[in-house]
Protein chains: 2
Amino acid sequence: MRRNHPAGRLPEPPSPIADDGDETHFCRTCAFSGACIAEGYGKPELVELHCLVEHVGPFHAGEHIFRTGDPFRSIFAVRAGTVKTSMVDPAGREQVLGFYLPGEVIGLNAIYPDQFPCDAVALDTAYFCRFSFPAMSALATRMPAVQQRLFRLISKELGMATLLAGDHNADVRMAAFLTDLAARYEERGFSGTRFHLSMSRGDIANYLRLAAETVSRVLSRFRQQGLIELEGREMVLRDPERLRAIGKNLLPQ
Amino acid sequence: MRRNHPAGRLPEPPSPIADDGDETHFCRTCAFSGACIAEGYGKPELVELHCLVEHVGPFHAGEHIFRTGDPFRSIFAVRAGTVKTSMVDPAGREQVLGFYLPGEVIGLNAIYPDQFPCDAVALDTAYFCRFSFPAMSALATRMPAVQQRLFRLISKELGMATLLAGDHNADVRMAAFLTDLAARYEERGFSGTRFHLSMSRGDIANYLRLAAETVSRVLSRFRQQGLIELEGREMVLRDPERLRAIGKNLLPQ
DNA sequence: AATCGCGCTTGACGTATGTCATCTCTGCCG
DNA sequence: CGGCAGAGATGACATACGTCAAGCGCGATT
């Protein structure tokens with residue numbers, strides 16, 4: 001069967017990177033930047049927040065940021081690249097928990113068990129800000145905006161996990177996945193209609209609790225229906241509104 | 001088909017109630033009691049924690065504790081009774097999010113959206129401690145143990161939601177559900193092998209993302225296999241270890 | 001006592017999606 | 001250049017679970 005787009009590769013999408021921070025300013029897209037803005041720049045606490053940050057990386061595709069069972073000491077904000085978190089269930093099957101883009105935070109689910117309950121693997125070259133969690137907690141007790149930010153980050157992640165746990169068919173899951181990804185790219189200032197999928201079909205399938213073959217079939221059908229353009233891992237959303245409508249049952253609001 | 005247990009009703013299980021708290025002591029089973037113990041009793045902050053508690057109830061079966069969209073001002077610790085939380089998706093289908101026993105806390109998923117994303121309904125007569133969340137946050141900034149407790153409570157809920165989102169068959173889901181329920185009853189000092197199911201088969205099915213008929217069939221099979229005894233909603237776990245083994249893929253650790 | 005409604009169970013059947021197998025394409029490496 | 005491995009697409013088939021339907025038991029209402 002012929003592909004329904006003209007010959008030739010799609011143009012390169014912009015590369016998502018959020019590393020515009022320095023010693024005294026956060027990356028604009030960082031999940032913690034709101035804490036600063038809320039308090040006003042220049043406060044002495046801000047300097048402290050920066051002091052407890054450590055820049056780490058690069059991690060290359062396939063490298064672990066942390067592993068299941070590692071003692072929980074830090075959370076990580078993605079500065080550049082994409083991360084997959086996953087756990088291996090007692091039957092030895094991998095379960096993908098999430099994908100994380102620049103500006104997002106990984107490691108929050110380690111607070112309760114006090115050790116990482118999952119692996120985090122770079123899907124492409126990735127850089128991070130590492131925040132010592134004890135230090136951040138201590139800071140949070142003096143800086144209500146930081147505490148608020150942490151509560152909201154965890155609570156938001158809880159909301160996402162809840163939605164994914166719902167009972168939805170393959171089309172809904174796939175459309176919601178694409179819409180969510182697009183919204184997150186857009187939120188961070190990247191294109192919300194044109195992006196690179198850093199993860200394999202198998203990872204997407206696993207994340208959505210589908211078989212890889214089902215993901216292939218749904219994507220093929222979406223392409224036939226003119227909802228998307230897709231060549232390899234280069235994605236163009238041709239009809240974001242219909243995608244949103246299809247996935248609405250699984251989307252917030 | 002004949003039931004495989006002798007004639008006559010099962011004996012009444014003990015009624016789960018956790019209301020042994022007073023003005024200066026928390027209920028032993030309360031999720032917040034740890035915060036006190038960690039700090040040592042008698043500190044002035046403890047009195048403050050008690051000051052921001054308001055006892056509410058009774059709510060009778062079917063009554064709402066809060067509704068979707070209500071502004072988020074408080075979280076609730078269950079003192080007695082059982083609660084179901086659920087959201088209605090855009091297609092109008094109910095999705096049960098969880099069941100909460102005495103000592104457990106509801107409302108944490110409202111922090112991020114700043115309004116309740118779900119309904120909370122009493123399944124039997126229920127009493128609560130209501131904690132003003134702003135007051136509790138403020139207290140948390142002065143009392144690291146309270147902050148820690150809140151972080152851990154939300155993070156734990158995140159872990160549970162993640163497990164439920166996994167891809168597991170009906171037997172695994174049902175066995176894990178029963179094992180988890182038993183563990184939570186036991187943790188609070190009630191029998192972990194003999195308890196009353198306050199929720200309908202339909203609610204269980206919805207929570208586990210199965211059809212009510214499937215729940216009936218699985219329970220019937222578990223009964224035939226001698227794993228459980230069940231009459232109406234009175235449950236006896238006859239082989240908790242095998243149930244745990246069946247559900248292990250979905251259980252923490 | 002008769003009626004009704006609801007929760008629950010059980011059987012028959014349909015279907016969405018998983019599983020297995022094959023094929024293509026691409027990139028990598030000797 | 002040839003061979004190989006892995007990702008992805010697609011078709012054929014299997015199955016777990018949902019849906020539909022019938023029937024039972026029990027408590028509430030009249």
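As the structure is a prediction and not an experimental result, all values here were calculated from the model.
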Chemist: Flag the pair B:R223 and B:E229 as a salt bridge only when some basic side-chain nitrogen lies within less than 4.0 angstrom of an acidic carboxylate oxygen.
Modeler: no
Chemist: Could you tell me how far apart B:M235 (CE) and C:dC8 (P) are, to the nearest whole angstrom?
Modeler: 12 Å
Chemist: Kindly say whether the aromatic ring centers of A:F59 and A:F128 come within a distance under 6.0 Å.
Modeler: yes
Chemist: Have A:S86 and A:D119 got a donor and an acceptor in their side chains that come within less than 3.5 Å?
Modeler: no
Chemist: Rounded to 10°, tell me the angle between the two end axes of the helix from C:dA1-D:dT30 to C:dG30-D:dC1, each built from five pairs.
Modeler: 30°
Chemist: Taking atom C1' of C:dT15 as reference, at what distance in whole Å does atom CG of A:D167 sit?
Modeler: 14 Å
Chemist: Indicate, with a heavy-atom threshold strictly under 4.0 Å, whether A:S216 touches base, sugar-phosphate, or nothing.
Modeler: base
Chemist: Expressed as a whole number of angstroms, how long is the span from B:D171:CG to D:dT15:P?
Modeler: 16 Å
Chemist: Measuring from atom CE of B:M87 to atom OG1 of B:T68, what distance do you get when rounded to the nearest 0.5 angstrom?
Modeler: 7.0 Å
Chemist: Closer than 4.0 angstrom, basic N to acidic O: yes or no for B:K156 and B:E104?
Modeler: no
Chemist: So, are B:D171 and B:R221 salt-bridged, with charged N and O less than 4.0 Å apart?
Modeler: yes
Chemist: Rounded to whole angstroms, how far apart are CE on B:M174 and P on C:dC8?
Modeler: 11 Å
Chemist: Using the side-chain heavy atoms of B:T214, tell me which of these nucleotides is nearest: C:dT17, D:dC17, C:dT10.
Modeler: D:dC17
Chemist: Choosing from D:dG8, C:dA16, D:dA9, which nucleotide comes nearest the side chain of A:N169?
Modeler: C:dA16
Chemist: Nearest to the side chain of A:R233, which nucleotide is it out of C:dT10, D:dA7, D:dT10?
Modeler: D:dA7
Chemist: Less than 3.5 Å between a donor and an acceptor, one on the side chain of A:R217 and one on the base of C:dT19, is that the case here?
Modeler: yes
Chemist: Given atom CG of B:L219 and atom P of C:dT10, what is their separation to the nearest angstrom?
Modeler: 10 Å
Chemist: Mind telling me whether A:F76 and A:F66 have parallel, tilted or perpendicular rings, with 30° and 60° as the class edges?
Modeler: tilted
Chemist: May I have the distance from A:H168 (atom NE2) to D:dC17 (atom P), rounded to whole angstrom?
Modeler: 18 Å
Chemist: Examine D:dG6: is either OP1 or OP2 under 4.0 Å from a nitrogen or oxygen in the side chain of A:S200? Give yes or no.
Modeler: no
Chemist: What does B:L210 touch in the nucleic acid at a heavy-atom separation under 4.0 angstrom: a base, only the sugar-phosphate, or nothing?
Modeler: sugar-phosphate
Chemist: Which part of the nucleic acid, if any, lies within reach of B:A211 when heavy atoms closer than 4.0 Å are counted: base, sugar-phosphate only, or nothing?
Modeler: base
Chemist: Can you confirm whether or not the ring centre of A:F190 sits under 6.0 Å from the ring centre of A:F195?
Modeler: no
Chemist: Does any N or O donor sit under 3.5 Å from an N or O acceptor when you compare the side chain of B:E213 with the base of C:dC8?
Modeler: no
Chemist: In terms of the nearest nucleotide of DNA chain D, which residue is placed more toward the 5' end: A:A212 or B:V215?
Modeler: A:A212
Chemist: Looking at A:R201, does any N or O in its side chain come under 4.0 Å of the phosphate oxygens OP1/OP2 on D:dA7?
Modeler: no
Chemist: Could you state the atom-to-atom distance from CZ of A:F222 to P of D:dA9 in whole Å?
Modeler: 14 Å
Chemist: Please work out if A:R173 contacts a base, only the sugar-phosphate, or nothing of the nucleic acid, heavy-atom cut-off 4.0 Å.
Modeler: nothing
Chemist: In this structure, how many angstroms lie between the P atom of D:dT10 and the CZ atom of A:R221, rounded?
Modeler: 12 Å
